[in-house]
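Right, one structure below, let's go through it.
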Amino acid sequence: MIKFLFLILLFFSKVSYAESTVKAGGSLIWDSEDKTYTANGNVEFQNDSFIAYADEMVAKYTEQKNKELFTIVELFGSVKIDFKDEIFRGNYAIYTRKDNIIRLTGDVSVESPTRLLKGYELIADIDNNKRILNSANDDSLVEVLLDNDADN
């Protein structure tokens, strides 16, 4: 029965629950022993707060009330996260449900209708609507570009 379910998951390459959805263009592997999903190829992860895209994903889950609840989601390669009117980009991201924080690293940018921010690391606190942008080291910079015509 488990093998049959695994084949169905590979065929459809989509996992959906009330609060989250995972899609993959390549493969989707479910590991019930380690309680993880591993997705490859044009991955899309969506929850109630944001939609994330990447080349690969590893998502850990717990079982609560006979449902799987994603607790930690790691995204690898060409990461793009759509959050409200902002777009976060980076090379790697990790989302933790417990504190509802997204952490991106590697050539990070935050785009919104009126600004573009660039740096090495972004910590996005979703619950408190707070963003922290860090540089890679003392020799690098964090950049902010503002649209002067935003009010027009």
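- Side-chain heavy atoms closer than 4.5 Å link hydrophobic residues (I, L, V, M, F, W, Y) into clusters, and following such links, even through other members, never connects Val43 to Tyr53.
- Between Phe50 and Phe45, the ring planes are tilted. Angles from 30° to 60° get that label.
- The OG atom of Ser32 sits 8.5 Å away from atom CD of Glu63, with the distance rounded to the nearest 0.5 Å.
- Atom CD1 of Ile123 is separated from atom CD1 of Ile94 by 12.0 Å, given to the nearest 0.5 angstrom.
- Contact detail for Ala59 and Phe70: the closest heavy-atom pair is CB-CD2, 3.5 Å.
- Applying the side-chain hydrogen bond (donor to acceptor under 3.5 Å, both in side chains) rule to Ser78 yields no partners; only residues at least two apart in sequence or on another chain are considered.
- One finds the OG1 atom of Thr96 at 9.0 Å from the CD1 atom of Ile126 (value rounded to the nearest 0.5 Å).
- Residues passing the ring pair (Phe, Tyr, Trp, His ring centres under 6.0 Å) test with Tyr92, sequence neighbours excluded: Phe76.
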Would Glu111 and Arg89 count as a side-chain contact (heavy atoms from CB on, under 4.5 Å) if you check the C-alpha gap in whole Å, the side-chain angles of each, and the deciding distance to 0.1 Å?
-> CA-CA 8 Å; Glu111 301 170 40; Arg89 295 180 194 273; 2.9 Å; yes

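- Here the side chains of Lys98 and Thr71 are not in contact, with every heavy-atom distance at 4.5 Å or above.
- At a threshold of 4.5 Å between non-hydrogen side-chain atoms, the residues Arg115 and Glu86 count as touching.
- When side chains are defined from C-beta on, Leu69 does not count as touching Tyr61, because their heavy atoms never get closer than 4.5 Å.
- One distance of note links OG of Ser112 with CZ of Arg131; it measures 10.0 Å at 0.5 Å rounding.
- Asp99 and Asp127 get closest at one heavy-atom pair: O-OD2, 4.0 Å.
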Phe88 vs Val79, side-chain contact (heavy atoms from CB on, under 4.5 Å): CA-CA, chis, key distance, verdict | CA-CA 8 Å; Phe88 308 150; Val79 177; over 6 Å; no

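- The hydrophobic clustering, which links ILVMFWY residues whose side-chain heavy atoms are closer than 4.5 Å, places Phe83 and Leu117 together.
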Residue pair Ile51, Glu44: steps toward the side-chain contact (heavy atoms from CB on, under 4.5 Å) verdict | CA-CA 7 Å; Ile51 301 173; Glu44 179 183 310; 3.9 Å; yes

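- Nearest heavy-atom pair, Thr36 versus Lys60, reported as atom, atom and distance to 0.1 Å: CG2-CG, 3.8 Å.
- One finds the CD1 atom of Ile72 at 12.0 Å from the CZ atom of Arg97 (value rounded to the nearest 0.5 Å).
- The minimum heavy-atom distance between Ile81 and Ala52, with the atom names listed, is CG1-CB, 3.8 Å.
- In terms of heavy atoms, Asn128 sits closest to Asp125 at ND2-OD2, 2.8 Å.
- The side-chain heavy atoms of Tyr37 and Val22, taken from C-beta on, include no pair separated by under 4.5 Å.
- The two atoms that bring Lys118 and Leu133 nearest to each other are O-CD2, 3.5 Å, heavy atoms only.
- Looking at Ile101, Leu75, Asn100 one by one, the single match for side chain to side chain contact (heavy atoms under 4.5 Å, CB included) with Tyr95 turns out to be Asn100.
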